[in-house]
Amino acid sequence: MLKSKVAVVTGSTSGIGLGIARALAAAGADLMINGFGEAAAIDKLRGEIAAAHGVRVAFSAADLSKPADATGLIEHAMREFGRVDVLVNNAGIQHVAPVHEFPLERWDAVIAINLTAVFLTTRAALPQMLARDWGRIINIASVHGLVASVDKSAYVASKHGVVGFTKGVALETATTGITCNAICPGWVLTPLVQKQIDALAARDKLDPEEARAKLLGEKQPSLEFTTPEELGALAAFLCSDAAAQLSGVALPVDGGWLAR
Ligand code: NAD
């Protein structure tokens, strides 16, 4: 389906981004992966994905908290592959604290990585998508792009911003072959959420299993985590011809979180 197409997936050295990168490679796309991690582990990952799916996999260490790096990531992909057909804005961070104790430095970091970088990569990738009249922009927002939870003001603000930005880009590209959508996962068991489980276990003196069950029970009626593989399959669907008229939406994948 994505043979001879190129996908850039930000924050794809772990978690959801890695699940999406694997799914797009399985659909035939050459990949630019990005994120933090040990050089040897990232090299191994590149080789493993390339061999499993017969695609080219390049890596950029762009730090998306820096505007020049966000733009540079797309320029790097253009130098490497000559095109970017699919852009998945996935990199994101969390910081948990009440508003009146929220450090400005953490607020700025969350907004820079979760929201501003999404604008910058999209702005850099769009002209050549418009020139070919085809593209897929997939923004990994969150249920927190649609509802709030306590102590996550910066994250909630950034993800609501991502959902709004997604709609704006969808309207601006509506008469083209480009679509722009947001995926809004509920709880996914990744390093980002493991930190919150560890904090809950410490606060309420729970063992890891009890803490996981409590976290899910508070929000996610299915009592199951959404998986990176499920999100990868949805991203691949959004890249298909069947999804050509699907644009500007924010799709929850949340085990019923938002149905409450
Ligand atoms: P994760 O911590 O496992 O992965 C985050 C990825 O982003 C990693 O590859 C990391 O290296 C990269 N990254 C972090 N800061 C970066 C930076 N400054 N520059 C470049 N890369 C950077 O997290 P995850 O849970 O897989 O989250 C991925 C996305 O999904 C985030 O946008 C997150 O907000 C969103 N999300 C996660 C959940 C969840 O339950 N895990 C739910 C909803 C939405």
Side-chain angles (χ1 to χ4, degrees), residues 8-23 31-39 41-42 45-46 59-74 76 87-96 105-106 108-118 120-121 138-149 152 154-163 165-166 182-198 200 212 215-216 218-220 222 224-232 234-235 250-255 257-258:
V8 174
V9 185
T10 70
S12 44
T13 51
S14 89
I16 294 169
L18 179 55
I20 291 175
R22 286 190 200 280
L31 278 182
M32 171 66 82
I33 60 172
N34 155 256
F36 300 142
E38 277 176 31
I42 293 171
L45 188 62
R46 273 176 60 184
F59 169 69
S60 159
D63 175 350
L64 298 175
S65 67
K66 300 180 181 153
D69 277 29
T71 305
L73 169 63
I74 301 302
H76 183 173
L87 170 62
V88 182
N89 286 304
N90 164 80
I93 59 167
Q94 174 66 280
H95 185 79
V96 180
E105 174 273 324
R106 284 293 83 200
D108 284 344
V110 170
I111 299 295
I113 296 167
N114 293 14
L115 180 58
T116 307
V118 175
L120 290 168
T121 53
I138 301 171
N139 298 323
I140 308 306
S142 165
V143 283
H144 288 115
L146 299 166
V147 296
S149 294
K152 295 184 175 176
Y155 188 83
V156 168
S158 72
K159 296 299 187 178
H160 275 68
V162 167
V163 169
F165 179 71
T166 300
I183 295 178
C184 297
W187 291 126
V188 186
L189 190 52
T190 66
L192 180 142
V193 164
Q194 188 60 48
K195 273 194 223 157
Q196 296 173 61
I197 294 171
D198 294 345
L200 186 63
R212 267 198 291 275
L215 183 99
L216 283 170
E218 282 171 355
K219 299 281 188 182
Q220 197 141 313
S222 65
E224 301 274 350
F225 288 101
T226 302
T227 66
E229 291 73 23
E230 289 162 354
L231 297 170
L234 177 56
L251 285 164
V253 190
D254 65 355
W257 182 322
L258 295 179

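For ligands, and for the atoms within them, numbers begin at 1 and follow the listed sequence.
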Part of His144 within contact of ligand 1 (heavy atoms, under 4.0 Å): neither
Ligand 1 atoms in contact with Leu64 (distance to a heavy atom under 4.0 Å): 17 (C), 18 (N), 19 (N), 20 (C)
Heavy-atom nearest neighbour in the protein, as seen from atom 44 (C) of ligand 1, with distance rounded to 0.1 Å: Ala141 O, 3.2 Å
Enumerated ligand 1 atoms positioned under 4.0 Å from heavy atoms of Ile113: 18 (N)
Shortest protein heavy-atom distance from atom 25 (O) of ligand 1, along with the residue and atom involved: Thr190 OG1, 2.4 Å
Close approach of Gly186 to ligand 1, heavy atoms, under 4.0 angstrom: yes
Check: Val156 main-chain N/O paired with His160 side-chain donor or acceptor under 3.5 Å: yes
For atom 1 (P) of ligand 1, the option (of Ser65, Gly11, Ser14, Gly15) bearing the nearest heavy atom: Ser14
Atoms of ligand 1, numbered as shown, that sit under 4.0 Å from any heavy atom of Asn34: 20 (C), 21 (N)
Ligand-side contact atoms (ligand 1) for residue partner Gly35, heavy atom cut-off under 4.0 Å: 11 (O), 21 (N)
Ligand 1-proximal atoms of Ser12, by part, heavy-atom distance under 4.0 Å: backbone
Atom 32 (O) of ligand 1 [closest protein heavy-atom partner, distance rounded to 0.1 Å]: Asn90 O, 2.7 Å
Winner among Phe225, Trp187, Tyr155 once heavy atoms are compared against atom 36 (N) of ligand 1: Tyr155
Polar contact flag for Gly17 and ligand 1 (N/O pairs, less than 3.5 Å): no
Geometric class of the His144/Tyr155 ring pair [parallel <30°, tilted 30-60°, perpendicular >60°]: perpendicular
Heavy-atom nearest neighbour in the protein, as seen from atom 37 (C) of ligand 1, with distance rounded to 0.1 Å: Ile16 CD1, 3.4 Å
Val193, portion touching ligand 1 at heavy-atom distance under 4.0 Å: side chain
Numbered atoms of ligand 1 (with element) below 4.0 Å of Leu192, judged on heavy atoms: 2 (O), 23 (O), 25 (O)
Close-contact set for ligand 1 against Ala62 heavy atoms, below 4.0 Å: 19 (N), 20 (C)
Test item: side-chain donor near acceptor, Asn34 and Ser12, under 3.5 Å: no
N or O pair under 3.5 Å between Val188 and ligand 1: yes
